[in-house]
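Notes follow the structure.
In what follows, chains are A, B, ... by sequence order, proteins preceding strands, each numbered from 1. Everything numeric in this text was worked out from a predicted model, so none of it was measured.
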Amino acid sequence: MSAESTLAPPKSSWIEVEGGVVRNQLLPGKRHHYAVIELPASFPAPLAGQFAMLGPSPSPSGLLLKRPMSVARAWREADHLYLGFLYTVVGSGTQALARARERWTVLGPLGRGFPLSQGPRILVAGGRGVAPLVLLAEECARRGEAVAFLNGARNAAELIAPEDLGAGAFAEGSVLLETTEDGSRGRQGRVLDALDDPRVRALFAKPGAMFYSCGPHGLLEAVGHAARERKASTSVALEAHMACGTGICRSCVIPRAPGAPVPAEASNTSFLLACLDGPCVPADTVDWKNAP
Amino acid sequence: MSAESTLAPPKSSWIEVEGGVVRNQLLPGKRHHYAVIELPASFPAPLAGQFAMLGPSPSPSGLLLKRPMSVARAWREADHLYLGFLYTVVGSGTQALARARERWTVLGPLGRGFPLSQGPRILVAGGRGVAPLVLLAEECARRGEAVAFLNGARNAAELIAPEDLGAGAFAEGSVLLETTEDGSRGRQGRVLDALDDPRVRALFAKPGAMFYSCGPHGLLEAVGHAARERKASTSVALEAHMACGTGICRSCVIPRAPGAPVPAEASNTSFLLACLDGPCVPADTVDWKNAP
Amino acid sequence: MSPTPTQTASADLTTRLGPLTLANPIVAASGTFGYGDEFADRIDLSHLGGVVTKTVTLLPRAGNPPHRIVETPAGMLNSIGLENVGLAAFRTKKLPRLAQLPCAVIASLGGETPEELTRLVEALEEESGLQGYEINFSCPNVKAGGARYWANAKLLESTCASLKSRTRRSLWAKLSPNVTDPAEMARAAEAGGADAVTLVNTFVGTAVDLATRSFKLGRPTGGLSGPAIKPLALAQVYEVSGAVQIPVVGMGGIASVDDVLEFLLVGASAVQVGTAHFLTPSAGVRLAERVAQRLSELGFASVHAMVGAIGRPAGGPIAE
Amino acid sequence: MSPTPTQTASADLTTRLGPLTLANPIVAASGTFGYGDEFADRIDLSHLGGVVTKTVTLLPRAGNPPHRIVETPAGMLNSIGLENVGLAAFRTKKLPRLAQLPCAVIASLGGETPEELTRLVEALEEESGLQGYEINFSCPNVKAGGARYWANAKLLESTCASLKSRTRRSLWAKLSPNVTDPAEMARAAEAGGADAVTLVNTFVGTAVDLATRSFKLGRPTGGLSGPAIKPLALAQVYEVSGAVQIPVVGMGGIASVDDVLEFLLVGASAVQVGTAHFLTPSAGVRLAERVAQRLSELGFASVHAMVGAIGRPAGGPIAE
Ligand SMILES: Cc1cc2nc3c(=O)[nH]c(=O)nc-3n(C[C@H](O)[C@H](O)[C@H](O)COP(=O)(O)OP(=O)(O)OC[C@H]3O[C@@H](n4cnc5c(N)ncnc54)[C@H](O)[C@@H]3O)c2cc1C
Ligand SMILES: Cc1cc2nc3c(=O)[nH]c(=O)nc-3n(C[C@H](O)[C@H](O)[C@H](O)COP(=O)(O)OP(=O)(O)OC[C@H]3O[C@@H](n4cnc5c(N)ncnc54)[C@H](O)[C@@H]3O)c2cc1C
Ligand SMILES: Cc1cc2nc3c(=O)[nH]c(=O)nc-3n(C[C@H](O)[C@H](O)[C@H](O)COP(=O)(O)O)c2cc1C
Ligand SMILES: Cc1cc2nc3c(=O)[nH]c(=O)nc-3n(C[C@H](O)[C@H](O)[C@H](O)COP(=O)(O)O)c2cc1C
Ligand code: FES
Ligand code: FES
């Protein structure tokens, strides 16, 4: 399968707006924050897997760049678009977001989202990587399409379920499997251990199965292996240090897998650009050994 | 009169503590803020004219230095010392203070305050320079000693009266005269015009009259002239760009008046150090032409 | 306290840089606005004085391994490694689009040697659609001196002379700030015939990760940009503009319209906006829209009137 | 994510700088902690590795006119102008008190010429109470080259050699960062016999006021310090510590214990804390109190083990 066939078309109709912070608080497990931002209706509806560059408004004086976050939820209500972001405070940028309870600046939607395949869909979330998969699951539910949702985290406190963000129920026939490394919630083990669940295994009997994943790069690599064994395709959401999110700074590079097909219009034959070529790319296009 | 005789003894028993912000808001005229900070009782009681170095806690990442502010009010209650600060938002530091509504770091009390003379006391406030004079007036009132309080500002919105900060009544026999440049409150004119008020003029008939002033350096210079004509002494509160407030950075220099006596122990014969030699100094020790 | 406006009419923004005249003094900086055409359908580039392209080298360059950026207090470090499509693709794929832009287009050129730069200029002289070249004299020479290769007044002068003899277009020399004497370098560029000097490029810096005991960037060091360097950039622009007759294009940490005017005040004839584009791609355009009014507020009738309007005390500029 | 402590025992803080051994690697930087004794009654200086005095010159200096400081994004500019009491008052009034301090005392010396420095060292050799000298090689020579006078490897080497021959004490050369090649300057100091090099001093910068069209400092330029310069300082310490055998004393923007360790990681054997003292006079002492625990947390048994523990890739240190 060529690298291109599973790439959603680039959708680069971003705009930059200020939005009111409707909600911005620590979730019960006290590890992750969830924020809901109210945007003008003119903001383009994001695809699952797309992201936005976020910053507090006004920006505190020492903070320079916005931070990339996947859209975890999106809905229209009255004359507004509401976006939900699930994030973890790991440094100064996310700290500043957590403190900004009035207005955020939002630049988006950005990047290529998850392509919608026709066969069975296996969603694999690692920790806060659940964010874009919640939006994908909601989109599938809206279409009445079942998914397998493998949701793993280190422990119960780290694990975020779609309903924790207020997401609706999955379509009938969906399978939700939770895993924690310490067994404090769901099955004990690593998230891909759930692939041996009979209901999940049954999916690979059908044609066109596809993995969707977001989480640590180690997980994304493992998803690539699992897919290859099962002859399934993949779309995994990359993370990279981003300055701009719009393709002009060239900072968000991820090395291409040696030998992976390089599209003719690629701007760089050695690296993928996470913000333009991704964040959602087939796992086998990435050189995981040299990825950051 | 020697420069030294009117200098309060240096009182350098500062400590650095965090305090809770009891109040921090724009005053009705919408030009100045007033903040009250609750400190541990161990914080030394400041003399009128002393200042503190203030910063928000936690400090926003781009902000480096604390900012010097005169103590405008000070009282003990239960097991705490409360300090009141009157300030104007003019740049990033004061902006950050206005936004910090939970905790401030306070380093103080610092510098030399106003020396208490025996004769009549004429307090001359220019704009937000009223701050340390409120504390001085309260100290006089507590001792039952009358003062003349000349309070001037550009207009009514800029003018802050002691009672706006909750200060108590003056001692009997006190004179309070308000002046605004546009006449929107009190008498129209400049604050020193009030010196022709008969009740104020009467004060200079007595021995040992002393001016206390804080405000723009132009005003302090004019106070010096007025005092010389009236053979009164002065103590005026200097402002300078300060990095440390404690004497170690040598940034807060104000040129000494040519020919003014230089104390033997002075660390610099050309400059006064606003934070150690001042902020309260006799007006005639300053070279106003070259002061910033 | 903001001074009362002294005039209501809008100030004249015309910006003369030797042979080249720009509509206004705001130019997008190399490497911070793509090749210049990326947002042409979304942002009205006619509001900009000009754009400088990403630095182009003879051959394509893949650039440095990740991470390529890290944020620092009020600044950012980058280690992009001069990633670019190379001369051939620049001519065929980028130039046709750049030629359509409604503002001046300056090609940024990088080479490890004078010969590489000569070949770049010779090739681009055959093309239309460019108003000038900005030579990125911070391009490291891997074999000789690394990033310090060009910190050599004689080499700068002879290189500028050789390039100038090959072009009718404007030639800007973009200098590295990591030198003992920026004015010496600027004088050398002037002596070689450069029409303007551009400064500053980024300052060499690094950031480290204690937990992994390694550098945060894919390479040990990178270049610092953003508001953190504005004081350093202003000082270099002030000193250099006092040392040469040719115009200075100033930059480093510009984020507000007042930042723009500060550079003019200390002697820049035009400015470039870099890192600010990463916060918002329309940063340059937004600043350009506000310059005229702010100039008027401050009592200046034109950009030209503000250039170098700060008092220059006698004695050397560098006091401490 | 903070790693799990690998040991509970406190790390060994002993800091060897050639002939001199400090109790820990934290030293108060020149000009940012008075002469060193100002707070001795209030802050327990036995927690510090040492203090460097305000720079002392032969004659008293009144210093520059105000304003002498201005804050910038994550930094500050200063233009103090080497205000100090001069050699005579330093000997009679300051040294007796400094000699009592419970930590190492290093006298910072500034001169416009090698001869002035020689006279300072000769005079102070007659006194007791000092463990070493730190030569402030950013002291401007008003007649010859201003602040760039000392940016001259030959002059640095011969001056260090001449000073070294006159003292039994430790000799530290404090270098200006405003040079093309800091490693060249450090090698010169080493060749001249310096026991350590100290860097960085402040970076030349300025700030201007649009309303008054003037510089915000009393002089056109000043020196930038604080967190804004930390990335630049780390890069210079990294490069210099790879170029010389003598220890490097690193500084520039240190505000947290992690900042201290970052300097050690890139190759500093000790650090100095400057601007942070203005925020809180006990900054250095507070950092010193936390170093041992943080070292242990990160898995280092001693300060020594951390010095230069970062990987050094082949090739030059300055990539961009
Ligand atoms: C397309 C995309 C989508 C993302 N979606 C989410 C999301 O939905 N929720 C969420 O919590 N985070 C998400 N991230 C990661 C998030 O952007 C970073 O955690 C954030 O930028 C860190 O900023 P900081 O200033 O707080 O941390 P910093 O102080 O910059 O860094 C703190 C630590 O985080 C690491 N870090 C910095 N940036 C990144 C990054 N982009 N990815 C991974 N590690 C980083 C640093 O190396 C450092 O160890 C996403 C990143 C990308 C590229
Ligand atoms: C002993 C002392 C007592 C003071 N008491 C008070 C007080 O009670 N209330 C109050 O509002 N202010 C007081 N000030 C002034 C106050 O410290 C400054 O306004 C404040 O530091 C400005 O900080 P900023 O970051 O907001 O402004 P900046 O961004 O630093 O500067 C904004 C503008 O204010 C000017 N400025 C900066 N620092 C000072 C200063 N120290 N004095 C005068 N102008 C300055 C700058 O030149 C600039 O024009 C006092 C100053 C001193 C030295
Ligand atoms: C990510 C990034 C990439 C850059 N690439 C280039 C480049 O290719 N060529 C060049 O001359 N300057 C390059 N620069 C330097 C900028 O053009 C500019 O000189 C510098 O960043 C200072 O300005 P600023 O603080 O406004 O960003 C780059 C800067 C950044 C931050
Ligand atoms: C106000 C001030 C005064 C200084 N005075 C001196 C000095 O007299 N001699 C000297 O060698 N360095 C002096 N320095 C430089 C500091 O010692 C230090 O090298 C520099 O500030 C960088 O460290 P920092 O960022 O921790 O402050 C001074 C710095 C400041 C901010
Ligand atoms: S984040 Fe700037 S190019 Fe991808
Ligand atoms: S403010 Fe530092 S010496 Fe006065």
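With a 4.5 Å cut-off on non-hydrogen atoms, Arg256(B) does not touch chain D at all. Using a 4.5 Å cut-off between heavy atoms, Tyr35(D) does not touch chain B at all. Contact of Leu107(B) with chain D is made through the side chain alone, with heavy-atom distances under 4.5 Å. For chain B, the nearby part of Pro73(D) is the backbone; its heavy atoms alone come within less than 4.5 Å.
Among the candidates Glu38(D), Arg61(D), Glu83(D), the residue making the largest number of heavy-atom pairs closer than 4.5 Å to chain B is Glu83(D). The residue among Gly247(B), Pro292(B), Ser270(B), Gly55(B) with the most heavy atom pairs within less than 4.5 Å of chain D is Pro292(B). Ranked by heavy-atom pairs shorter than 4.5 Å toward chain B, the options Pro60(D), Ala62(D), Gly34(D), Ser282(D) are led by Ala62(D). Contact count against chain B (heavy-atom pairs under 4.5 Å) is highest for Thr280(D) among Thr72(D), Asp41(D), Thr280(D).
Checking Thr57(D) against Asn84(D) by side-chain atom types alone, a donor-acceptor pair falls below 3.5 Å.
With respect to the salt-bridge test (charged N to carboxylate O, under 4.0 angstrom), the residues Arg294(D) and Glu297(D) qualify. Using a 4.0 Å cut-off between charged nitrogen and carboxylate oxygen, Glu16(B) and Arg286(D) count as a salt-bridge pair. The residues Lys94(D) and Asp37(D) are annotated as not salt-bridged, no charged nitrogen and carboxylate oxygen being separated by less than 4.0 angstrom. Under the 4.0 Å criterion applied to side-chain N and carboxylate O atoms, Glu181(B) and Arg154(B) are not assigned as salt-bridge partners. At a threshold of 4.0 Å, the pair Glu265(B)-Lys93(D) does not count as salt-bridged, since none of the basic side-chain nitrogens sits closer than that to a carboxylate oxygen.
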